[in-house]
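The structure displayed is predicted, hence computed values, not measured ones. Computation of the quantities below employed the complete heavy-atom set of this structure, encompassing side-chain atoms and omitting hydrogens, waters and symmetry-equivalent molecules. Order of the sequence lines sets the chain letters (A, B, ...), proteins ahead of strands, with each chain counted from 1.
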There are 2 protein chains.
Amino acid sequence: MTKPVQKRTLITRRNLIAAAQEIIAAKGYQDMRIDEVVQKAGVAKGTFFAHFPDKDALMDLMIGARIDAELDKLAQQDAPTSVGELVTHLRPLLGFMTQERYVFDVILRHSGAAAREEIGPIAKTFSRQISVIADWLADGPFRKDISPHLLADGVQAFAIQAMGLQFCAIHNGEPMITRLETYLDAWLTPGGAAA
Amino acid sequence: MTKPVQKRTLITRRNLIAAAQEIIAAKGYQDMRIDEVVQKAGVAKGTFFAHFPDKDALMDLMIGARIDAELDKLAQQDAPTSVGELVTHLRPLLGFMTQERYVFDVILRHSGAAAREEIGPIAKTFSRQISVIADWLADGPFRKDISPHLLADGVQAFAIQAMGLQFCAIHNGEPMITRLETYLDAWLTPGGAAA
DNA sequence: CACTTTAAATGACCGTGGTCAAGTTTTTAT
DNA sequence: ATAAAAACTTGACCACGGTCATTTAAAGTG
């Protein structure tokens, strides 16, 4: 896990991940089964747990990788010049995160490093997300009385709030994106205009 | 579940809940087992699932009840006249929510009504929380350019963010309460003073 | 009261995540 | 080359949430 010494180990690990990817592509995250992964990878069940502490750790890896890919795209965009543009930029990322209730739950569970020592893949993407957004906000027409980092923290908090309500039975009149825009208007440009 | 007709049903249900409460009091939420609950309640396992759709539903009930009790206390407090006071008022509630990682996860999973038709106990407390906080904020020295309801939504979002980071390995230098105060200062009194 | 219908309880059974003592392969030491 | 040590793999096994055909008890009916 930390420092594989044998070539064999790397191959096994790669096979496990490849098998998981195929299964997820075919049936979604929710329906991935460890039994199916090990069967497809051609190893015994115990081997899986020699490579990953638990199922969640693999999910962390898989979902983290996809979020990272979204962040790659995000980071290449120009800094948004309005809240509307910011929300538009975030849309694909939030779309991925809310594609399955299960995925959103995994993300929530791992976003805060999950009380573990080592910071997992998803938690890393959350830090990165803060960096990307903070960079954007630093130069845009947004409030300047607090640090870009704090601003970005808030964007993340509101994004999670908006995504969470997405799955809620009551609040589904308003689409997630619209709700997020309302939040971010109030957060990033209090008083109605850039301060 | 919706309309129990027999006395027997009510008794069984009460026994199940009482058993669960005892076990939770003794070992915490995380370590509650259905097998132990039904054994203590003196019924078969299948009976449990005739009363609750799944384990999570019972957890929803138990945790929701405790949150509701906290909200009862909250609602009796005077409206806070500063962000610091607001945070102090919220402290016991947030303390309960973060007492166990497992509890926090259950709460997150159910806060948005969990994509079910009926709104569960925890989701109800979240609505109530918004009401209580909105009432407080309406009259206090906080920004007035957006509705108290929207303000309260934000308080909730930041509270969740602060609690989530509580469990994070990196961010544990700053205590949850301090972090929340920083967030809420920026959210409720942008520009440094009440607008 | 006897009979039927409906509601509730039962427990053997299953699916799936996770464990671990024993076996196999690879590396290191002599 | 050979033995000892370390790394890796194995699969039977366990824990625990959840299911369902069957049995038992309660409520309705004449």
Side-chain angles (χ1 to χ4, degrees), chain A residues 1-20 23-24 26-63 101-103 105-106 109-110 114 116 120, chain B residues 1-20 23-24 26-63 101-103 105-106 109-110 114 116 120:
Chain A
M1 191 86 214
T2 45
K3 193 196 280 184
V5 285
Q6 296 184 10
K7 245 183 306 183
R8 182 175 52 153
T9 317
L10 290 171
I11 293 168
T12 304
R13 190 185 164 87
R14 187 152 37 77
N15 288 344
L16 284 168
I17 291 171
I23 293 166
I24 288 168
K27 322 203 299 183
Y29 291 88
Q30 165 100 52
D31 294 331
M32 193 200 81
R33 296 287 173 271
I34 298 298
D35 281 318
E36 204 180 340
V37 171
V38 295
Q39 196 213 324
K40 199 156 209 157
V43 298
K45 198 171 187 175
T47 303
F48 178 89
F49 292 97
H51 286 261
F52 301 95
D54 50 32
K55 186 186 179 183
D56 244 34
L58 175 63
M59 280 300 175
D60 191 6
L61 199 72
M62 309 293 286
I63 293 173
R101 169 84 216 190
Y102 173 77
V103 170
D105 283 343
V106 173
R109 228 177 306 131
H110 289 82
R116 294 172 193 184
Chain B
M1 189 87 215
T2 46
K3 193 195 280 183
V5 285
Q6 294 183 12
K7 246 183 304 183
R8 184 174 53 151
T9 315
L10 289 171
I11 293 168
T12 304
R13 190 185 164 86
R14 186 151 38 78
N15 287 344
L16 283 169
I17 291 172
I23 293 165
I24 289 168
K27 321 203 300 183
Y29 291 87
Q30 165 100 51
D31 293 331
M32 193 200 82
R33 296 288 173 270
I34 298 298
D35 282 316
E36 204 180 339
V37 171
V38 295
Q39 197 214 323
K40 199 157 210 158
V43 298
K45 199 170 187 175
T47 303
F48 178 89
F49 292 97
H51 285 260
F52 301 95
D54 50 34
K55 185 186 179 184
D56 244 34
L58 175 62
M59 280 300 175
D60 191 5
L61 199 73
M62 309 294 286
I63 294 173
R101 170 82 216 190
Y102 173 77
V103 170
D105 283 342
V106 173
R109 225 177 310 129
H110 289 82
R116 295 175 194 183

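In this structure, CD of A:Glu36 is placed 14 Å from P of C:dG15, rounded to the nearest angstrom. Counting to the nearest Å, the P atom of C:dT10 and the CG atom of B:Asp35 are 14 Å from each other. The CG atom of A:Leu16 sits 15 Å away from the C1' atom of C:dG17 (whole-angstrom rounding). As rounded to whole Å, 11 Å separates atom P of D:dG17 from atom CD of B:Gln30. Summarising the geometry, the separation between NZ on A:Lys7 and P on C:dT25 is reported as 16 Å, rounded to the nearest angstrom. Straight-line distance from the CZ atom of B:Arg13 to the P atom of C:dA9: 12 Å, rounded to whole Å. Between A:Arg33 atom CZ and C:dC14 atom P there is a gap of 18 Å when expressed in whole angstrom units. Atom pair B:Asp31:CG and D:dC16:C1' shows a separation of 13 Å (rounding to whole Å applied).
With sequence neighbours excluded, no residue forms a side-chain hydrogen bond (donor to acceptor under 3.5 Å, both in side chains) with B:Asn15. In this structure B:Arg8 satisfies the side-chain hydrogen bond (donor to acceptor under 3.5 Å, both in side chains) test together with B:Gln6, sequence neighbours excluded. Residues forming a side chain to side chain contact (heavy atoms under 4.5 Å, CB included) with A:Asp31 (at least two apart in sequence, or on another chain): A:Lys27, A:Arg33. The side chain to side chain contact (heavy atoms under 4.5 Å, CB included) test applied to B:Ile24 returns B:Tyr29, B:Met32, B:Met62, not counting sequence neighbours. Partners of A:Arg14 under the side chain to side chain contact (heavy atoms under 4.5 Å, CB included) rule, at least two apart in sequence or in another chain, are A:Ile11.
The phosphate of C:dA9 has OP1 or OP2 within less than 4.0 Å of a side-chain N or O from B:His51.
Comparing C:dA9, D:dG11, D:dT9 by their nearest atom to the side chain of B:Thr12 picks out C:dA9. Of the candidate nucleotides D:dC8, D:dT10, C:dT10, D:dC8 has the atom nearest to the side chain of A:Arg8.
Here B:Asp105 does not pair with B:Arg109 in a salt bridge; the nearest charged N to carboxylate O distance is not below 4.0 Å.
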Protein-nucleotides 18-21 of chain D N/O pairs closer than 3.5 Å?
| residue | atom | partner | partner atom | Å |
| --- | --- | --- | --- | --- |
| D:dG18 | OP2 | B:Lys55 | N | 2.7 |
| D:dG18 | O6 | B:Lys45 | NZ | 3.4 |

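With B:Ile17 as the partner, the side chain to side chain contact (heavy atoms under 4.5 Å, CB included) test is satisfied by one option alone out of B:Thr12, B:Leu61, B:Val37: B:Leu61.
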